[in-house]
Engineer: 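Okay, here's the structure, questions in a sec.
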Amino acid sequence: MTNIKNDSQSHHKTEKLRLASHVASLPKSGIRDFFELVRQMEEVISLGVGEPDFITPWTIRENAIYSLERGDTSYTSNLGLLSLRRAICRYVAENYSVRYEPETECIVTVGVSEALDLAIRAITNPGDEIIYHEPCYVSYAPEITMAFGVPVPVSTKAENAFAIDPADLEKAVTPKTKAILLNFPCNPTGAVLNMEQLKAVADIAVKHDLIVLADMIYAELSYDEEIMPAISSLPGMKERTIFLHGFSKAFAMTGFRIGYACGPADIIDTMMKIHQYTMLCAPITAQRAAEEALKSGGPDMEVMRREYMIRRNVIVRNFNEAGLPCLMPHGAFYAFPDIRPTGLSSMEFATLLLREKHVAVVPGTAFGKCGEGYVRACYATSMEGICEALKRIKAFVADLKK
Ligand code: PMP
């Protein structure tokens, strides 16, 4: 027999909200329309997408293939293969001077994206405030909102080389502040923090009893003498820091989707619960590839880093020559030139440059309001492409002056 609801029941049903309002009300990424335009155009040189142009080094791909040939096609432990967690903890200890226990203080995730999401969800109670610095990676504020937290941006400025100003940071702290989210080397500015600046952030975290989420995804792509230090290596910080990292950028492994988090056992265990009920585990083939990356990927990573450094020098010099002041980024693979001398807004600059010269850059406002006046140009693309793009940008800026 069909179960027909009476009128009052069906009326009641239509009043229910179909979508989760905290998600439905999230703004769409400001650059969607812009990249729709990029897709429709032919022969665009793109300095837009933040992804290495290198193919994953062969030994890493080969090991993934071997693992499939061996028939490695099962689930792994929820936390990830123990052998991979051991390798990760060894790597982190050697490179960042922090020791984590592979059994309890490390979890393998689907990209650092998942690690970030798990970390935020594991520590956020509704209404907790999480401070982050802008301009920043596009997903931070939405992820905090989706975890029922409150995103609190702190602007960084070119005058401070886009480092976080401790005074501004401390001003943003309230009794509801739960954590500070850091991303240095920074997407989109390429900024890093030196030891003194890291210590200033650590002091604030200790003083106000805050957790620090450190998105270290670009750490190996540092162009100074040493790679970006980890805040968790500072005294009193290991117990309050979640170290988030992955293989996407330095090993050119974006499509493998492997990341990880190292941190205090209670937090990792809570992150594991979410991961276990939602993702189960990261794909085994990608975990095997990641093991190989840590074993033999170092020299290839160094070749890519050096190539990015050469491209960085070229791109920065040319932006400055074009009359668009550009700081020398210390890490990641983005230049963040100041386009205010053109009198255009970030969006106008990017749209006109695309229409007239077929070069795609990302408007700075995609990374937060304080990105107005800047654009992001990714130099993880061929030197040939970069040189041609810069030639066109110079012509574009010269045309604007006429
Ligand atoms: N954090 C930052 C700062 C990023 O730029 C990106 C990728 N663009 C991610 C996280 C996501 O990386 P993954 O591929 O490891 O998920």
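Whatever order the structure lists them in is the order used to number ligands and atoms, beginning at 1. Residues take their numbers from the sequence shown, with the count starting at 1.
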Engineer: Heavy atoms, side chains only, cut-off 4.5 Å: are H245 and Y96 in contact?
Structural biologist: yes

Engineer: With distance as the sole criterion, is a donor-acceptor pair present between the side chains of R305 and Y223 under 3.5 Å?
Structural biologist: no

Engineer: Can you tell whether the side chains of R392 and E388 come within less than 4.0 Å, N to carboxylate O?
Structural biologist: yes

Engineer: Under the ring-ring contact (aromatic ring centres under 6.0 Å, His included) test against Y334, which residue among F319, Y137, Y218 passes?
Structural biologist: Y218

Engineer: Distance under 4.0 Å, heavy atoms only, partner ligand 1: which residues pass?
Structural biologist: G111, V112, S113, Y137, Y140, N183, N187, D215, I217, Y218, S248, K249, R257

Engineer: Locate the shortest heavy-atom distance separating A289 from F256; write the atom from each residue and the value.
Structural biologist: CB-CE2, 3.5 Å

Engineer: With a cut-off of 6.0 Å (strictly less than), are more than 12 heavy atoms of other residues, nucleotides or ligands near CZ of R99?
Structural biologist: no

